[in-house]
Amino acid sequence: MTADASWHRALAGAGLVDALGRTRPTIFAEMSALATEYDAVNLGQGFPDEDGPPEVLEAAIEAIRRGLNQYPPGRGTVELRRAISEHRERFRGDAPDPEREVLVTVGATEAIAASLLALLRPGDEVVTLSPYYDSYAAIIGLAGARHVTIPLRGDDFQPDAPGIDAAIGPRTRVVLLNNPHNPTGSVIEPEHLERIAARAAAHDAVIVSDEVYEHLVFDGAPFTPMSAIPGATGRTLSISSAAKTFRVTGWKIGWVTGPAELIDAVVAIKQFLTYVGGAPFQPAVAVGLGLPDAYFETARDALRRRRDLLSAGLRDAGFAVSPSRGSYFVIADAAPLGIADGAAFARRLVQDAGVASIPLQAFAPASADPSVRSSLRFAFCRSDAAIEEAVRRLRAVAG
Ligand code: PMP
Ligand code: GLN
């Protein structure tokens with residue numbers, strides 16, 4: 001088969017294969033493979049190296065023993081949809097209707113894909129923050145839509161009013177937000193969320209808000225869900241996942257909540273992507289969502305300590321380190337070390353220092369600021385021992 005077949009051209013146009021039609025591994029897969037090859041401490045791909053809460057793990061084992069091994073209901077088990085609604089009521093004060101306003105998906109990844117494919121037609125515009133999580137650009141490309149970005153500025157990675165106003169306009173069909181933000185670790189200020197909501201409402205755009213790090217906001221700061229912002233309520237699909245909150249990234253249980261008619265549209269796509277998934281994990285995630293407040297606080301505080309450990313180590317090694325206010329990640333700019341191209345530097349760090357990271361430029365368009373090109377994303381969702389070892393190796397390289 002030739003590489004110029006139209007399906008190759010379409011996939012290349014969406015950035016999913018290279019010009020010769022060869023599959024491009026995601027940056028996460030590429031850096032993790034390199035980390036394994038060089039026996040590096042892997043602070044690249046964002047997955048924890050410690051298991052989640054034992055009662056959640058036991059509930060999955062128990063569910064398999066009980067025989068919950070066949071297709072679950074299309075929208076997810078009733079017990080999980082109720083647990084999602086009760087968890088929302090406890091932490092946010094709203095309670096989506098488990099029957100009509102909640103859909104369980106195969107991770108947040110499927111929730112994002114099904115939402116975008118349900119809402120977009122070729123030529124529609126989708127606005128995201130930039131940098132952005134990698135699957136956003138891929139799905140926008142697959143849908144044949146146009147990707148417009150709001151640049152995050154400063155070392156606290158916030159949007160600004162001119163950026164928001166320039167991006168969201170009459171052609172905007174979807175505003176795809178991510179807060180707390182991967183890859184930058186920023187938590188978007190409520191005033192910016194309000195402006196985004198007002199612009200989306202003025203142009204009748206749907207907001208899709210990816211909030212998978214909702215429980216990982218540090219330093220006592222509150223988390224502001226997009227659906228709570230006036231103007232956004234009623235036009236927002238909120239996405240979350242068990243992956244980060246319960247340290248079970250391999251389980252792939254996510255969910256999307258929102259107005260019944262929008263959820264119906266997402267169901268229409270989801271049923272032909274995966275139909276359903278994760279039968280024995282669904283009751284286990286329901287157990288997790290019902291854990292006492294202390295679980296969520298302890299998990300967040302343990303991560304905050306590791307953020308501090310890694311941020312200090314990166315600073316000692318000579319990086320300019322941005323404040324991480326949430327998520328699993330911290331951004332370190334290698335420009336003070338004389339580095340312009342973070343992609344080449346990230347590969348060298350794996351080989352020479354034995355530490356893997358992700359170049360920030362993998363999450364941004366080529367037109368992004370030079371500081372995006374020279375920066376690296378490091379994950380601190382690792383054991384103290386792993387972070388201490390990484391810091392020791394980085395300091396040795398810095399001399
Ligand atoms: N959105 C963001 C911002 C993420 O960081 C991730 C992965 N960690 C996902 C979506 C995908 O989540 P899941 O593993 O539940 O598919
Ligand atoms: N979400 C994880 C990260 O940002 C990786 C997920 C993946 O490998 N696709 O590191």
Side-chain angles (χ1 to χ4, degrees), residues 16 23-36 42-49 52 76 80 84 103-116 128-140 152 157 176-188 208-217 223 225-226 237-257 270 273-274 277-278 281-282 284-285 288-289 303 310 324 326-331 346 356-364 376-382:
L16 302 187
T23 303
R24 291 191 352 202
T26 71
I27 188 68
F28 306 115
E30 186 188 337
M31 294 308 292
S32 283
L34 213 56
T36 305
N42 188 352
L43 305 186
Q45 196 171 27
F47 61 89
D49 56 2
L80 177 54
I84 290 167
L103 170 66
V104 176
T105 54
V106 179
T109 306
E110 188 193 35
I112 293 160
S115 300
L116 292 182
T128 74
L129 305 173
S130 176
Y132 44 80
Y133 183 59
D134 71 334
S135 83
Y136 298 178
I139 303 297
I140 293 168
L152 297 178
F157 293 103
L176 172 55
L177 269 189
N178 172 212
N179 184 41
H181 188 252
N182 177 9
T184 65
S186 109
V187 175
I188 309 301
V208 178
S209 190
D210 176 350
E211 299 172 349
V212 300
Y213 300 100
E214 60 182 310
H215 283 291
L216 303 177
V217 176
F223 168 65
M226 193 60 181
L237 286 169
S238 305
I239 291 174
S240 196
S241 166
K244 316 295 157 153
T245 303
F246 304 114
R247 301 192 294 280
V248 287
T249 61
W251 283 13
K252 301 301 292 187
I253 300 293
W255 51 91
V256 47
T257 60
K270 184 258 180 324
L273 289 179
T274 56
F281 300 123
Q282 294 198 22
V285 171
L289 289 169
L303 207 55
L310 180 59
S324 165
S327 84
Y328 274 177
F329 309 109
V330 61
I331 298 296
S357 59
I358 305 280
L360 184 57
Q361 60 186 258
F363 304 100
L376 305 180
R377 186 196 80 170
F378 290 86
F380 46 78
C381 51
R382 297 293 199 271

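Just follow the structure's listing: the first ligand is 1, and inside any ligand the first atom is 1. Because the structure is a prediction, the values reported are computed rather than measured.
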Query raised in the report: Has ligand 1 got any nitrogen or oxygen that is less than 3.5 angstrom from a nitrogen or oxygen of A108?
Result: yes
Report task. Could you tell me if any non-hydrogen atom of N182 lies under 4.0 Å from any atom of ligand 2? Result -> yes
Query raised in the report: With sequence neighbours excluded, what pairs up with K244 under the side chain to side chain donor-acceptor pair (under 3.5 Å) test?
Result: Y213
Query raised in the report: At a non-hydrogen distance cut-off of under 4.0 Å, which region of Y328 contacts ligand 2 (side chain, backbone, both, or neither)?
Result: neither
**Report entry** Geometric N/O contact G44 with ligand 2, under 3.5 angstrom
**Finding:** no
Requested in this report: Indicate yes or no: at least one non-hydrogen side-chain atom of S32 is less than 4.5 angstrom from one of N42.
Outcome: yes
Query raised in the report: How far apart are the C-alpha atoms of S327 and L216, what are their side-chain angles, what is the distance that settles it, and do they pass the side chain to side chain contact (heavy atoms under 4.5 Å, CB included) test?
Result: CA-CA 5 Å; S327 84; L216 303 177; 5.8 Å; no
Report summary line: Output for pair (L80 CG, F281 CZ), nearest 0.5 Å, gives 13.0 Å
Report task. Take L289 and F246 through the test side chain to side chain contact (heavy atoms under 4.5 Å, CB included) and record every step on the way to the result. Result -> CA-CA 9 Å; L289 289 169; F246 304 114; 4.0 Å; yes
Query - Atoms of ligand 1 close to K252 [distance to a heavy atom under 4.0 angstrom, numbered from 1] - result: 13 (P), 14 (O), 16 (O)
Report task. Assess K244 for proximity to ligand 1: is some non-hydrogen atom of it under 4.0 Å away? Result -> yes
Query raised in the report: To the nearest 0.1 Å, how far is atom 3 (C) of ligand 1 from its closest protein heavy atom, and which atom is that?
Result: D210 OD2, 3.3 Å
Report task. Give the atoms of ligand 2, by number and element, whose distance to some non-hydrogen atom of F329 is under 4.0 Å. Result -> 3 (C), 4 (O), 10 (O)
Report task. Looking only at protein heavy atoms, identify the closest one to atom 7 (C) of ligand 2 and say how far it is in Å. Result -> F28 CD1, 3.4 Å
Query raised in the report: Which residue holds the protein heavy atom closest to atom 6 (C) of ligand 2, what is that atom called, and what is the gap in Å?
Result: Y133 OH, 3.4 Å
Report summary line: atom 8 (O) of ligand 2 has as its nearest protein heavy atom Q45 NE2, 2.7 Å
Requested in this report: Check the pair V208, I112 against side chain to side chain contact (heavy atoms under 4.5 Å, CB included), reporting the backbone distance first and the verdict last.
Outcome: CA-CA 8 Å; V208 178; I112 293 160; 5.7 Å; no
Query - Contact check: Y213 vs ligand 1, nitrogen or oxygen atoms, below 3.5 angstrom - result: yes
Query raised in the report: Does K244 reach ligand 2, in the sense of a heavy atom lying below 4.0 Å from it?
Result: yes
Query raised in the report: Can you find an N/O atom of Y133 closer than 3.5 Å to an N/O atom of ligand 1?
Result: no
Query - Check: A138 main-chain N/O paired with D134 side-chain donor or acceptor under 3.5 Å - result: no
Report summary line: Taking only non-hydrogen atoms of N182 and a 4.0 Å limit, the atoms of ligand 1 in range are 3 (C), 4 (C), 5 (O)
Query raised in the report: Are any of the N or O atoms of R377 closer than 3.5 Å to those of ligand 2?
Result: yes
Report summary line: Tested for side-chain contact (heavy atoms from CB on, under 4.5 Å) against L176, the lone hit among Y136, Y132, Y133 is Y136
Query raised in the report: Is the NZ or CZ atom of R377 both under 6.0 Å from the centre of the six-membered ring of Y328 and within 45° of that ring's axis?
Result: no
Query raised in the report: Would you say I112 touches ligand 1, if touching means a heavy atom closer than 4.0 Å?
Result: yes
Requested in this report: Report the nearest protein non-hydrogen atom to atom 15 (O) of ligand 1: residue, atom name, distance rounded to 0.1 Å.
Outcome: S241 OG, 2.6 Å
**Report entry** side chain to side chain donor-acceptor pair (under 3.5 Å) partners of Q282, counting only residues at least two apart
**Finding:** none
Query raised in the report: Is a donor on one side and an acceptor on the other found under 3.5 Å between the side chain of T26 and the backbone of A29?
Result: yes
Query raised in the report: With a 4.0 Å cut-off on heavy atoms, is F47 touching ligand 1?
Result: no
Report task. Would you mind reporting whether L152 and H181 have side-chain heavy atoms less than 4.5 Å apart? Result -> yes
Query raised in the report: Heavy-atom distance under 4.5 Å between the side chains of L129 and I188, does that happen here?
Result: yes
Report summary line: In this structure, atom 11 (C) of ligand 1 is nearest to the protein heavy atom T109 OG1, 3.3 Å
Report summary line: The atoms of ligand 1 lying under 4.0 Å from a heavy atom of N178, numbered in the order shown, are 3 (C)
Requested in this report: Please indicate whether any nitrogen or oxygen in T249 is less than 3.5 Å from any nitrogen or oxygen in ligand 1.
Outcome: no
